[in-house]
Amino acid sequence: MTDGETGRTFRLAYVPGVTPAKWVNVWTERMPDVPITLVAVPAAEAAGLLRNGGADAGFVRLPVDRDGLSVIPLYVETTVVMVSKDHAVAAADEVSIADLVDDEVFHPLDDAIEWTAPPGLPASTRPATTADAVELVAAGAGVLVVPLSLARLHHRRDLTHRPVADAPQSQVALTWPADATTDLVEDFIGIVRGRTANSSRGRTSAAPRRSRHPSRPREETGTAAGTETRAERLRPPDRADRP
């Protein structure tokens, strides 16, 4: 039985580029008695970590092997190209894949973009990680196409980035072991989906407060036979009715 199931802690994995702070803050406010532990994991290892019980839920990049996992797709990221500041691309507001045809484009082993046809010229090497590829870009050896969040994560003063309009995009998803959908997992799903603390689907919803005063019965306004309406009761008598 995991810590998440006992209520002692909730373990949340996340891949590089994902910033879970806003969801963690909501969790801390709503679940002060259940600490949340963040587990940073390389993108290629996230699914295995979840299947092996290393975390209760996690943010991963799609596509992911869904065997044994439940997945909720979340948001799609803008794709950008990272270049040195003196690169010709730096003068443009936006580029296309065709604009990179003469550049060596690095495809690290942890590439977050799923390419059907890699753009640009084949690079002389395939870096092990995105961080290694960024170092090569800074050295002027080529360019790197990544989700915007990874460009921000690996920001350097000597580099810049521009959107690539027609490049594939990376999508982030929330996932967890399909056979371990615990109450705490359900609570976290509700937070990610934007449910309020008082949502009828949340376990932490406050019970409705009872009024101190019994509600007054509604005054009938119907016109059924034998029933006098309020308007009829308040209407002044006709002249013929006056004594």
Side-chain angles (χ1 to χ4, degrees), residues 1-78 110 112 129-131 146-155 169-215:
M1 181 176 290
T2 67
D3 287 342
E5 291 172 327
T6 64
R8 289 194 293 269
T9 187
F10 184 74
R11 299 161 301 163
L12 178 66
Y14 66 100
V15 299
V18 175
T19 306
K22 64 179 180 180
W23 298 297
V24 171
N25 290 340
V26 175
W27 177 278
T28 302
E29 292 175 1
R30 294 187 189 176
M31 314 283 286
D33 297 330
V34 184
I36 187 167
T37 302
L38 296 179
V39 182
V41 58
E45 300 176 12
L49 177 77
L50 290 165
R51 290 193 190 93
N52 295 331
D56 299 296
F59 292 108
V60 303
R61 291 189 184 277
L62 299 180
V64 65
D65 181 359
R66 301 193 179 203
D67 182 32
L69 298 176
S70 293
V71 178
I72 299 177
L74 298 176
Y75 58 90
V76 176
E77 291 196 65
T78 298
D110 63 353
T129 66
T130 297
V146 293
L148 178 58
S149 65
L150 287 180
R152 290 172 172 168
L153 176 66
H154 297 288
H155 170 73
Q169 295 177 305
S170 173
Q171 185 171 23
V172 173
L174 175 65
T175 184
W176 65 95
D179 60 355
T181 307
T182 64
D183 288 338
L184 292 182
V185 169
E186 290 282 7
D187 287 330
F188 192 75
I189 292 171
I191 289 172
V192 172
R193 287 186 179 274
R195 296 177 197 149
T196 65
N198 293 326
S199 168
S200 61
R201 296 185 65 181
R203 294 192 310 110
T204 56
S205 303
R209 296 181 61 184
R210 295 174 177 261
S211 172
R212 293 183 179 180
H213 304 287
S215 58

Which atoms form the tightest heavy-atom contact between [X] and [Y], and what is the distance?
X: Arg61; Y: Val15; result: CG-CG2, 4.0 Å
X: Ala46; Y: Val60; result: CB-CG1, 3.6 Å
X: Leu50; Y: Gly58; result: CD2-N, 3.9 Å
X: Arg30; Y: Arg195; result: NH2-O, 2.7 Å
X: Leu12; Y: Pro20; result: CD2-CB, 4.1 Å
X: Val64; Y: Ala47; result: CG2-CB, 3.7 Å

Measure from the side-chain N and O atoms of [X] to the backbone N and O of [Y], and report whether any donor-acceptor pair falls under 3.5 Å.
X: Trp176; Y: Glu186; value: no
X: Thr9; Y: Pro35; value: yes
X: Asn52; Y: Gly54; value: no
X: Gln171; Y: Pro73; value: no
X: Ser70; Y: Thr175; value: no

Tell me, do [X] and [Y] make a side-chain contact under 4.5 Å, heavy atoms counted?
X: Val34; Y: Asp187; answer: no
X: Val24; Y: Phe10; answer: no
X: Pro16; Y: Thr130; answer: no
X: Ile36; Y: Met31; answer: no
X: Tyr14; Y: Val172; answer: no
X: Thr182; Y: Asp56; answer: no

Please step through side-chain contact (heavy atoms from CB on, under 4.5 Å) for the pair Glu77 and Leu150, ending with a clear verdict.
CA-CA 10 Å; Glu77 291 196 65; Leu150 287 180; over 6 Å; no
Begin with the C-alpha distance, continue with both residues' side-chain angles, and end with the deciding distance and a verdict on side-chain contact (heavy atoms from CB on, under 4.5 Å) for Val192 and Ile189.
CA-CA 5 Å; Val192 172; Ile189 292 171; 5.8 Å; no
Using 0.5 Å steps for rounding, measure from the NZ atom of Lys22 to the CG atom of Asn25.
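Taking NZ in Lys22 and CG in Asn25, the distance rounds to 11.0 Å.
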In Å and rounded to the nearest 0.5 Å, what is the CG to CZ distance from Leu74 to Arg193?
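Reported value, rounded in 0.5 Å steps: 8.5 Å.
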Below 6.0 angstrom between ring centroids: does that apply to Trp23 and Phe59?
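Between Trp23 and Phe59, the centre distance is under 6.0 Å.
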Do the side-chain N and O atoms of Thr19 and Arg152 include a donor-acceptor pair separated by under 3.5 angstrom?
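Not at all, the side chains of Thr19 and Arg152 share no donor-acceptor pair under 3.5 Å.
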